[in-house]
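Computed from heavy atoms alone, side chains included, the values below leave out hydrogens, waters and symmetry copies. So that the names make sense, note that chain A is the first sequence line, chain B the second, and so on, each numbered from 1. A quick note: this is a predicted structure, and the numbers were derived from the prediction, not measured.
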Amino acid sequence: MIHRSRARIAVIVTLAILAFILILAPYIAPFDPTQVKMEERLKPISMEHLLGTDHLGRDVFSRILTGAQTTVGASFLILFISLLVGVPFGLLSGYLGGKIDRIFMRIVDAFMTFPDYIVAIILSGFLGPGMFNLVLAIVMVKWVGYARLARSVVLTEKQKDYISMAKINGMSSLNILRRHMIPHVTGNVMVLATLDIGKIILMIASLSYIGLGAQPPAPEWGAMLNEAKGFFYNAPQLMLIPGLSIMMVVLIFNLLGDYLRDHFDVKNQKG
Amino acid sequence: MKQIGKRLLELCLFLFLLSIISFVFMKAAPGDPVRYMLNIDDVAISNEQIESLREELGFNDPVYIQYWNWLIRFFQFDLGDSFMTKQPVIEELASKIPATLTLTFSSMVVMMLIAVPLGTLAALYKNQWIDHASRIFALIGASVPSFWLGLLFIQFFSVELGVLPSMGSDGFFHLIMPSLTLGIAMAAVYVRLLRSSLLESLGQDFIRSARARGLSPKRIFIYHTFRHCLTPVITIFGVSLGSLLGGTVIIEVLFSYPGVGKLVVEAIIRRDYPIIQGYVLFMGLFVVIINLLVDLSYRYLNPEIRLKGADRQ
Amino acid sequence: MIQVTVLAISDLTIQHRKTMIVQNIEMSVDEGDWFALVGESGSGKSVTAAAIGGLLPRELKAASGSILLDGKNLVNLKERELRKYRGTVISYIFQDYQGAFTPFMKIGAQLDEMLRTHTNHSKKERKERALHSLKLVELPEERVYNSYSFQLSGGQLQRAAIAMAMILEPKLLIADEPTTALDSMTAANILQLMADLKEKAGCAVFFITHDLRHVRKYANKVAIMRNGVIVESGMKSNVFHQPKHEYTKALFEAIPSLRKTSARLSSHL
């Protein structure tokens, strides 16, 4: 069991470092991430440019740092809005039941039939390329999952005796939702959210890579890879660094998600 | 049969709704397609030119009339012409669909070739090295961006070794890297799912009963366990087909593979609405048909659903 | 009449890693016995029963002791060898009748599968024997043969499970709370059926329960188990009339006696 707790500490420490980088990125970055210096182009890794420079002479280290803000920051924004929209929808739909719930489930099912990527691509197709539209498109894909989860938790809890007792004792619906439902929903939503954040990061990076998200010269990890496409042979760090950054960050969140799921999800505790 | 008919009716309704939604969305979308169309030629354009083109395309009619006209043409298999190429959308899509389906299918084969054996072994040898290996594979696979994996492949196989082509679709060798990339990325997701559904099957009471009857492990696995977890496997199959199609978009752009995914991304960037609309309808049709097939296979695999359905009729 | 010992367990200890699940179990079951193992949930009854046929979950291990079946020690037997005993010499029925049959195979196909595994019968012989076994448990044999498990009621399923268990005339039928999940009328019928079959086939029954009324009616030997240890065992009459252990006494006091209650009721009238 020792290596379990060690893993936990490792995850927490990395998360702390990540948060630190995200918040302080503009202050740590040694160069302006968008400043073009043609005489400095494709420089290898050195003391001055910790991760070298790209095809326009921009400092890769600075771009990775500010890119973290774009990619990870946008992911958190998406998650936050999805929660804000999805959870209340699911809570109400599940709690009220009846016709509202049936209509709601129809909408959710229609969304769920389609694969994430297709919906996001189509939506950003209608909205047009760009980071803001991409955020909007992914929110529209993601909120459904939270609504569905919140609804199913409410439906399970609603059948339990303590809720009937609370009703008999004259507790108001609002109080039942607040005191009994929300605490149950929170744990489940937390687990799903941590497992989701990695997927969102991957989605932003992938869609930015194909040109539907962040537009150059904005430093976004997927877009950076797209921009540097032609120079991988001469400057392999341009391919390795953004890719590894995405992978490491996603890996950390996936590890955290797995850990939370194993410890808080009742369904998986048996296995 | 009645149920299948009902499903088909639902399908039509669904496509109808989808066509309305996609139409409304496009009308509400920012950006003027007429300007995009004329900008393609990179010459200065006058307002009269824009106006005459708008009139010609019927953009000045009320939205519902535009939709009605569009719907009538839709039933004549006419989805309009692409702004980019001036070719009919139906032809553009039809020429790209086979390539995309080939890629989807070959990625599916790669995915199954990895996920099924690895997932089965991980379940049978739970908590042994192969199980841990599958866990690490799944964790890393779920963390690597698929397009980056593809970039690594291109760098290694095309640039360094020069053994595989990195672009286009011209026979078997052009399929290897795209389907490997997509197949590996998908397998990572489904290995663990397969493992847990197998473990769930192995823990069933009827498996214990079968063991108590003295049946051989091989017999139990093939006739009792595996059949039981075919249902989740088929679900995975159906769901993954959708995600695979989503993944093909990225992979097609990455490998310059001429399929519908690449087509739609280009259409999005150049605001070629008819193509986007055609893509939406194609995807809608495809996803719904897959769901229908998955549903039908449940009925075959699970006699309870089959017989109860018959009772109701 | 010479009593042949069918099952003799001595000094059996089962561990989960370092924790003892059951400890130093001793018991012997003779031909024609109805041996009842009584205890509350979690006392180790089912683990003991599973150990006999080698059906323990992978993480449980028999640490010491022996299980002699017909004089052969099963503890050290390989899975391949053990398999030949399961279904032929020892057979099981479980509490969960839903789980007795694989849901997507017809009952007949599963009886056939079992006969094919353990005998060299022809296809026709197998079908005859399967139908006969269903008839013995008083089921409409043709219909049940062609049914899936979800098409039968709980009582019917448990009967079919008994038919399956008895089809190869085992020497020991292990019944792990076979009636707990059934209503009391069905339960009584099932137990009566088991008692009849036991007489006909001349096998022994290893009966796990927490219901002392069933024990009183059918068993001839009793063992009381608590926290993985057998606290008291012997002939039913001895244990019932002169319980020695405190736990046994408490157990009997906790069970309302039907006769006493009815006597009390009639005195009030």
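- If you take CZ on B:R211 and CG on C:L55, they are separated by 5.0 Å, rounding to the nearest 0.5 Å.
- Of the possible polar contacts, none joining the B:S209 side chain to the C:F101 backbone as a donor-acceptor pair under 3.5 Å is found.
- Atoms OH and CZ, on C:Y92 and B:R213 in that order, are 14.0 Å from each other to the nearest 0.5 Å.
- Formation of a donor-acceptor pair under 3.5 Å by the B:H228 side chain with backbone atoms of C:P103 is not found in this model.
- Around CG of C:N120, the count of heavy atoms belonging to other residues, nucleotides or ligands within 6.0 Å does not exceed 12.
- Shown here for C:R83 and B:P217, the closest heavy-atom pair between the two residues is NH1-CD, 3.1 Å.
- C:Y148 touches chain B through its side chain: at least one heavy atom from C-beta onward sits under 4.5 Å away, while N, CA, C and O do not.
- Applying the 6.0 Å contact sphere to OH of C:Y218 captures more than 12 heavy atoms from other residues, nucleotides or ligands.
- With a 4.5 angstrom heavy-atom cutoff, C:R80 does not touch chain B via any of its atoms.
- Heavy atoms of other residues, nucleotides or ligands lying less than 6.0 angstrom from NE2 of C:H132 number 12 at most.
- Ranking C:R86, C:K84, C:H118, C:K106 against chain B, the residue ahead of the rest is C:R86, based on heavy-atom pairs under 4.5 Å.
- Heavy atoms closer than 4.5 Å to chain B are found in both the backbone and the side chain of C:M114.
- In the displayed structure, C:K198 atom NZ is contacted under 6.0 Å by more than 12 heavy atoms of other residues, nucleotides or ligands.
- Contacts with chain B were tallied for C:T117, C:L168, C:T102, C:I174; C:T102 has the most, counting heavy-atom pairs under 4.5 Å.
- C:P170 does not touch chain B: none of its heavy atoms, backbone or side chain, sits under 4.5 Å away.
- Neither the backbone nor the side chain of B:A210 comes within contact range of chain C; no heavy atoms are under 4.5 Å apart.
- Of the two parts of C:E113, the backbone and the side chain both hold a non-hydrogen atom closer than 4.5 Å to a non-hydrogen atom of chain B.
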